[in-house]
Novice: 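Please see the structure below; I have some questions.
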Amino acid sequence: MSSSSPPRTPPPPAASSTLLVQHLSVTYGRSVTALHDVSLRVPADGIVALLGANGAGKSTLLRAVSGTLPLHSGTVSAGSVTFGDVPLTGRTAADVVAAGVVQVPEGRRVFTGLSVADNLRAGRLGVSGLGRDDARRALAEVYDLFPVLADRRGQAAGLLSGGEQQMLAMGRALMARPRLLLLDEPSLGLAPLIVARIADVIRHIHDQGTGVLLVEQNAALALELADHAYVLDVGRVRLEGPAEELSRSDEIRRLYLGEQPDDDETAITPEAEPAAVLSRWRP
């Protein structure tokens with residue numbers, strides 16, 4: 001990030017910026033149930049990670065929040081999604097963006113034939129109440145976060161590397177001034193140095209007062225960034241707790257961090273520390 005422009009003063013977190021998903025069930029077609037009675041909370045000033053294997057329902061949950069579920073032939077069959085005092089269940093994607101919730105989808109999904117600058121301007125489409133001065137400030141802040149985009153503003157997005165396209169997708173979302181950012185696999189397929197850069201940007205976004213719901217296969221990264229985490233398994237919340245506690249859980253270490261605890265670690269001795277107690281465990 002450049003030091004040429006002064007950092008914005010983070011706005012105080014507002015209770016109206018809390019995301020609540022309550023008893024949500026989602027079906028595809030007539031018979032495939034992808035989510036079963038899922039509840040989670042993303043506080044206004046938090047980073048919440050959503051972990052789980054492929055097919056666990058993570059992307060489905062983001063679609064239900066962002067209003068893009070109908071584009072994938074999905075339906076909310078029970079439960080509700082609210083953002084502060086605004087109900088999001090059944091709203092269009094444009095309505096959800098207008099409420100302050102913006103998604104960065106898996107796979108970047110940039111407009112490859114448009115320039116970097118035009119991709120960023122597209123992030124403002126349909127967002128009311130944001131004038132030209134604010135648009136210029138938002139663009140300057142995105143270029144400050146991602147200097148490579150400023151250098152390549154006139155280049156077609158399809159000619160960018162995968163990491164640069166991910167930066168562009170995140171920058172485009174930030175142009176809408178979100179209060180909650182939904183990130184779907186932001187590190188997927190990226191080199192370690194780019195992943196570290198994306199992690200720094202997520203921290204920066206959070207420091208500026210934007211909440212983050214992070215879906216991420218890289219569990220170590222997600223738990224390092226997040227305050228709280230949920231684990232989805234076959235469409236149900238199986239595990240929930242503070243991210244630091246989950247990162248010490250044998251279950252998480254075995255399933256998502258690729259570690260096998262040694263017998264010595266699990267042996268019970270008078271000097272051994274008690275195992276961390278998770279906030280909730282639902283077998």
Novice: Go through the steps for Arg41 and Tyr230 under the test side-chain contact (heavy atoms from CB on, under 4.5 Å), then give the verdict.
Specialist: CA-CA 10 Å; Arg41 178 177 181 271; Tyr230 296 80; 4.1 Å; yes
Novice: Quick one: which residue pairs count as a salt bridge (charged side-chain N to carboxylate O under 4.0 Å, His left out) with a foot in residues 208-230, not counting sequence neighbours?
Specialist: Arg203-Glu224
Novice: Donor-acceptor pairs are to be reported for all side-chain atoms of residues 97-105 against protein atoms at under 3.5 Å, with residues two or more places apart or in another chain.
Specialist:
from	atom 1	to	atom 2	distance (Å)
Gln103	OE1	Ser66	OG	2.6

Novice: Do you know which two heavy atoms are closest between Val212 and Leu180, and how far apart they sit?
Specialist: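 Smallest interatomic distance, heavy atoms only, reads N-CD1, 3.8 Å.
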Novice: Can you see which heavy atom on Leu19 is nearest to which on Leu213, and at what distance?
Specialist: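 Closest approach of Leu19 to Leu213: CD2-CD2, 4.2 Å.
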Novice: Return the minimal non-hydrogen interatomic distance between Leu221 and Ser187, and the atom names on each side.
Specialist: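 Nearest heavy atoms, Leu221 then Ser187: CD2-CB, 4.1 Å.
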Novice: Remaining members of Leu114's ILVMFWY cluster at a side-chain heavy-atom cut-off under 4.5 Å?
Specialist: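 Members alongside Leu114: Phe111.
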Novice: Please check: side-chain N/O of Glu185 versus main-chain N/O of Gln217, any donor-acceptor pairing under 3.5 Å?
Specialist: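 Yes, because the side chain of Glu185 sits within donor-acceptor range (under 3.5 Å) of the backbone of Gln217.
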Novice: Any pair with a residue in residues 156-165 that passes salt bridge (charged side-chain N to carboxylate O under 4.0 Å, His left out), sequence neighbours left out, goes on the list, sorted by first then second residue, please.
Specialist: Arg152-Glu164
Novice: Would Met167 and Val148 satisfy side-chain contact (heavy atoms from CB on, under 4.5 Å), going step by step from the backbone distance to the final call?
Specialist: CA-CA 9 Å; Met167 295 176 190; Val148 67; 3.7 Å; yes
Novice: Within this structure, what is the CG-CG distance for the pair Leu223 and Asn218, rounded to the nearest 0.5 Å?
Specialist: 9.0 Å
Novice: So how far is it from Thr60 OG1 to His72 NE2, rounded to the nearest 0.5 Å?
Specialist: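 Result: 8.5 Å between the selected atoms.
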Novice: Could you tell me whether the side chain of Ser73 and the main chain of Gly29 form a donor-acceptor pair under 3.5 Å?
Specialist: no
Novice: Kindly confirm or rule out a cation-pi arrangement of Arg179 over Phe83, judged by NZ or CZ under 6.0 Å from the six-membered ring centre and within 45° of its axis?
Specialist: no
Novice: What do the steps show when you test Leu145 against Leu174 for side-chain contact (heavy atoms from CB on, under 4.5 Å), and what is the final call?
Specialist: CA-CA 10 Å; Leu145 270 178; Leu174 293 174; 3.7 Å; yes
Novice: How close do Thr18 and Ala44 get, heavy atom to heavy atom, and via which atoms?
Specialist: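 That would be OG1-N, 3.6 Å.
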Novice: If you measure from CG on Leu232 to CG on Leu40, what distance do you get to the nearest 0.5 Å?
Specialist: 8.0 Å
Novice: Going through the checks in order, is the side-chain contact (heavy atoms from CB on, under 4.5 Å) test met by Leu168 and Leu120?
Specialist: CA-CA 7 Å; Leu168 179 57; Leu120 293 174; 3.7 Å; yes
Novice: Val195, Leu214: one ILVMFWY side-chain cluster at the under-4.5 Å cut-off?
Specialist: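 Looking at the clustering, Leu214 is in the same group as Val195.
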Novice: Between NE2 of His23 and OG of Ser39, what distance do you get to the nearest 0.5 Å?
Specialist: 4.5 Å
Novice: When hydrophobic residues are tied together by side-chain contacts of less than 4.5 Å, even through go-betweens, does Val215 share a cluster with Tyr28?
Specialist: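 Yes; Tyr28 is reachable from Val215 via cluster members.
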Novice: How many angstroms lie between atom CG of Leu159 and atom OG of Ser115, to the nearest 0.5 angstrom?
Specialist: 11.5 Å
Novice: Do you know which two heavy atoms are closest between Ala226 and Ala243, and how far apart they sit?
Specialist: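 Closest approach of Ala226 to Ala243, heavy atoms only: O-CB, 3.3 Å.
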Novice: Does Thr68 use its side chain to pair, donor to acceptor, with the backbone of Leu71 at less than 3.5 Å?
Specialist: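 No; zero donor-acceptor contacts below 3.5 Å.
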Novice: Could you give the distance from CG (Leu188) to CD1 (Ile198), rounded to the nearest 0.5 Å?
Specialist: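 Here the rounded value is 12.0 Å.
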Novice: Could you see if Ile194 belongs to whatever hydrophobic cluster contains Leu149? Use Ile, Leu, Val, Met, Phe, Trp, Tyr and a side-chain cutoff under 4.5 Å.
Specialist: yes
Novice: Kindly say whether Ala169 contributes a backbone atom to a donor-acceptor pair with the side chain of Arg172 at under 3.5 angstrom?
Specialist: no
Novice: Does His206 reach the main-chain N or O of Asp45 with its side chain, forming a donor-acceptor pair under 3.5 Å?
Specialist: yes
Novice: Considering residues at least two apart in sequence or located in another chain, which fulfil the salt bridge (Lys or Arg N to Asp or Glu O under 4.0 Å) criterion with Asp151?
Specialist: none
Novice: Spell out, as yes or no, whether a donor-acceptor pair under 3.5 Å connects the side chain of Gln155 to the backbone of Val116.
Specialist: no
Novice: Would you say Val96 ends up clustered with Val86 if hydrophobic residues are merged whenever their side chains have heavy atoms under 4.5 Å apart, either directly or through other cluster members?
Specialist: yes
Novice: Under a 3.5 Å distance rule, please check whether Lys58 uses its side chain to pair with a backbone N or O of Gly52 as donor and acceptor.
Specialist: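 A pair under 3.5 Å: yes.
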Novice: Which heavy-atom pair separates Ile202 from Pro186 by the least distance, and what is that distance?
Specialist: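 Looks like CD1-CG, 4.4 Å.
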Novice: Once salt bridge (Lys or Arg N to Asp or Glu O under 4.0 Å) is applied, do any residues pair with Arg137, and if so which ones, sequence neighbours excluded?
Specialist: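 Residues passing salt bridge (Lys or Arg N to Asp or Glu O under 4.0 Å) with Arg137: Asp134.
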Novice: Decide yes or no for Pro43 and Val48: does some side-chain heavy atom of the first lie under 4.5 Å from some side-chain heavy atom of the second?
Specialist: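 Yes, side chains in contact.
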Novice: So which of Arg136, Gln208, Arg177 actually passes side chain to side chain donor-acceptor pair (under 3.5 Å) with Glu141?
Specialist: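 Going through the options one by one, the only one that passes is Arg177.
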Novice: Establish whether Leu35 and Val32 are linked, either directly or via other cluster members, by ILVMFWY side-chain heavy-atom contacts under 4.5 Å.
Specialist: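 Yes, one cluster joins them.
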